[in-house]
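Take a look at the structure set out below.
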Amino acid sequence: MVIIGAGECGGRAALTLRDLGYDGPVTLVGDEPHLPYERPPLSKEAMTSEAPLIKAIASDELLAERSIRHIHSVRAVAIDRAAHVVRLSDGSSLCYDKLLLATGSVPRKLPMPGLGGRCVYLRTFNDALAIRAHLSAGNRVAIIGGGFIGLELAASARKLGAAVTVLEAQPRILMRGVPAEIAAIIHKAHETEGVKVLTGQGITAIADSGAEVRITLADGHEVVADLAVIGIGAVPVTALAAEAGLAIDNGIAVHGTLRTEDPDIFAAGDCCSFPLAVYGGRRVRLEAWRNAQEQGALAAKNMLGANEAHAAVPWFWSDQYGLTLQIAGLSDEGRSTVRRDLDDGALILFHLAEDGRLVAASGIGPGNAVARDIRLAEMLIAKQARPAPEALGSQAVKLKSLLAA
Ligand SMILES: Cc1cc2nc3c(=O)[nH]c(=O)nc-3n(C[C@H](O)[C@H](O)[C@H](O)COP(=O)(O)OP(=O)(O)OC[C@H]3O[C@@H](n4cnc5c(N)ncnc54)[C@H](O)[C@@H]3O)c2cc1C
């Protein structure tokens, strides 16, 4: 069993192979120098904690105890499907019976001239260390892109006293997948904390002198920063699969079982697109921590012959200041929305399809305020339930009772 990509998904897959009793060789190949580690803290605790500790998914001891061979700092450069061999950047090669591609995604590059060493992206622990070095009090940070990673980073930077400007070309932040009502709450929280959020502002030029970055906006204004962090989305890492002749469709295209059209090659996590059973087989690609875990575990199971389809409801969370946002399902499947207000200013929006099916729920509130209801909503979505809108909207009706119904 060979796994390419030692991230959330690859690490989880390797451990699951052992959990399921597989006792043959397991090799995990990663091009980063670290043990498999968690990425969500990179925009959160890794920025603000006293020491920027890496949160490993599996320690050296655990990998040794489980007889998982971890090859780090080495890239898989080619797959010879006929010979069942993966070639690595250090000139060596690995034979496989089953291969898992868990190559993740990388930040989308800003296609503009003028970018230099003070214009950076955030994906890896090393990126986080480099950004952290600029987040001290008084430093000016421009964040290009009002998506999750940029906004989480903005919150962390404010906590450290940096002066932060968020530049979003779209009319509002979090355009993709987050309802306007919830995005407005997050926008306000950033402004309250002193972040300057400029929406509907395209960038016409960037000049990075090496000492500072000057960003010219469409309206002629200029934002000057010590560091510009670009967070305009991510693209799946598919070159290895494409060069091996595997189908690519917004990611490495897999069946519901996470198998590619090659019966011995699987793909999972951020790098793959797959049919989502709960939405009638709609092909999606998710960039979410829990999905990477779930698919890593499922891919391992199916590499051992289980042939089970991925059936989970998508779930995502984001922490900014004291607020936690959670989304279960895909809100763009909804045609109408029902609002439920909870205590402490928390709220949940339920998204209903035309036929009344609950297809998604988006919640925001302090700490864990929405966690329980989002969990119950997720179960209702999985059941393809059609709860009465009045019941969803009333805090007096327990969601648990709707599940039983
Ligand atoms: C800053 C940040 C914050 C996030 N916060 C949240 C959050 O709050 N909530 C949430 O749900 N999700 C969050 N995510 C998303 C979540 O971390 C990802 O969805 C998850 O890491 C995906 O796991 P993966 O294993 O598919 O890919 P990755 O974690 O990207 O791992 C893929 C690994 O494969 C390596 N690789 C690629 N190609 C090769 C090759 N040819 N040879 C060898 N190695 C290779 C890569 O370098 C990488 O180490 C966040 C992501 C980031 C970057």
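Whatever order the structure lists them in is the order used to number ligands and atoms, beginning at 1.
- Contact annotation for Trp317 and ligand 1: heavy atoms of both the backbone and the side chain come within less than 4.0 Å of the ligand.
- Using a 4.0 Å cut-off between heavy atoms, Glu152 contacts ligand 1 through its side chain alone, with no backbone atom that close.
- Looking at Ser401, its side chain never comes within 3.5 Å of a backbone N or O of Val397 through a donor-acceptor pair.
- At a 4.0 Å heavy-atom cut-off, ligand 1 touches Ile4 through the side chain alone.
- Remark: ligand 1 atoms within the under-4.0 Å shell around heavy atoms of Gly269 are 26 (O).
- Ligand 1 has no nitrogen or oxygen under 3.5 angstrom from a nitrogen or oxygen of Leu122.
- The Ala288 neighbourhood of ligand 1 comprises atoms 11 (O), 12 (N), 19 (O), with distances under 4.0 Å to a heavy atom of that residue.
- With ring centers used as reference points, Trp289 lies under 6.0 Å from Trp317.
- Considering backbone and side-chain N/O of Glu8, one or more are found under 3.5 Å from N/O of ligand 1.
- The closest protein non-hydrogen atom to atom 34 (O) of ligand 1 is Gly5 CA, 3.2 Å.
- Counting only heavy atoms of the protein, atom 39 (C) of ligand 1 lies nearest to Arg75 NH1, 3.6 Å.
- Side-chain atoms of Arg214 do not come within 3.5 Å of backbone N or O of Val224 as any donor-acceptor pair.
- Residue contacts with ligand 1: Lys44 is included, with a non-hydrogen atom under 4.0 Å away.
- In terms of protein heavy-atom proximity, atom 12 (N) of ligand 1 is nearest to Trp289 N, 3.3 Å.
- Considering backbone and side-chain atoms together, Ala76 places an N or O closer than 3.5 Å to an N or O of ligand 1.
- Looking only at distances, no side-chain donor or acceptor of Asn250 sits under 3.5 Å from a matching main-chain atom of Ser273.
- Within the listing of ligand 1, atoms 43 (C) sit less than 4.0 angstrom from a heavy atom of Val74.
- The protein non-hydrogen atom at the shortest distance from atom 52 (C) of ligand 1 is Ile149 CD1, 3.5 Å.
- Among protein heavy atoms, atom 37 (C) of ligand 1 sits closest to Thr103 O, 3.2 Å.
- Note on ligand 1: Asp319 sits outside its first shell, no heavy atom being nearer than 4.0 Å.
- Residue Ser43 has no N or O atom closer than 3.5 Å to an N or O atom of ligand 1.
- Closest protein heavy atom to atom 47 (O) of ligand 1: Asp31 OD1, 2.5 Å.
- The shell of residues lying under 4.0 angstrom from ligand 1, judged by heavy atoms, excludes Cys271.
- The shortest N or O to N or O distance between Trp315 and ligand 1 is not below 3.5 Å.
- Judged by distance alone, with hydrogens and angles left aside, the side-chain atoms of Arg357 form no donor-acceptor pair with the main-chain N or O of Ala385 at under 3.5 Å.
- Below 3.5 Å of separation, one finds an N or O of Cys9 facing an N or O of ligand 1.
- By the criterion of a heavy-atom distance under 4.0 Å, the side chain of Ala292, and not its backbone, is placed next to ligand 1.
- When all heavy atoms of Glu294 and Ala312 are compared, the closest pair comes out as OE1-CB, 3.3 Å.
- Here the shortest heavy-atom distance to atom 33 (C) of ligand 1, taken over Ala102, Pro33, Ser73, belongs to Ala102.
- Less than 4.0 angstrom separates some heavy atom of Gly30 from each of these atoms of ligand 1: 43 (C), 44 (N).
- In Glu32, the part holding a heavy atom less than 4.0 Å from any atom of ligand 1 is the side chain.
- Formation of a donor-acceptor pair under 3.5 Å by the Tyr279 side chain with backbone atoms of Val359 is found in this model.
- Looking from atom 48 (C) of ligand 1 to the surrounding protein, the closest heavy atom is Arg39 NH2, 3.3 Å.
- Between the side chain of Arg123 and the backbone N or O of Ser105 there is at least one donor-acceptor pair closer than 3.5 Å.
- In this structure, the protein non-hydrogen atom closest to atom 14 (N) of ligand 1 is Pro40 CG, 4.2 Å.
- Between the Arg339 side chain and the Leu349 main chain, no donor and acceptor come within less than 3.5 Å of each other.
- On a distance-only criterion, Arg123 and ligand 1 share at least one N/O pair closer than 3.5 Å.
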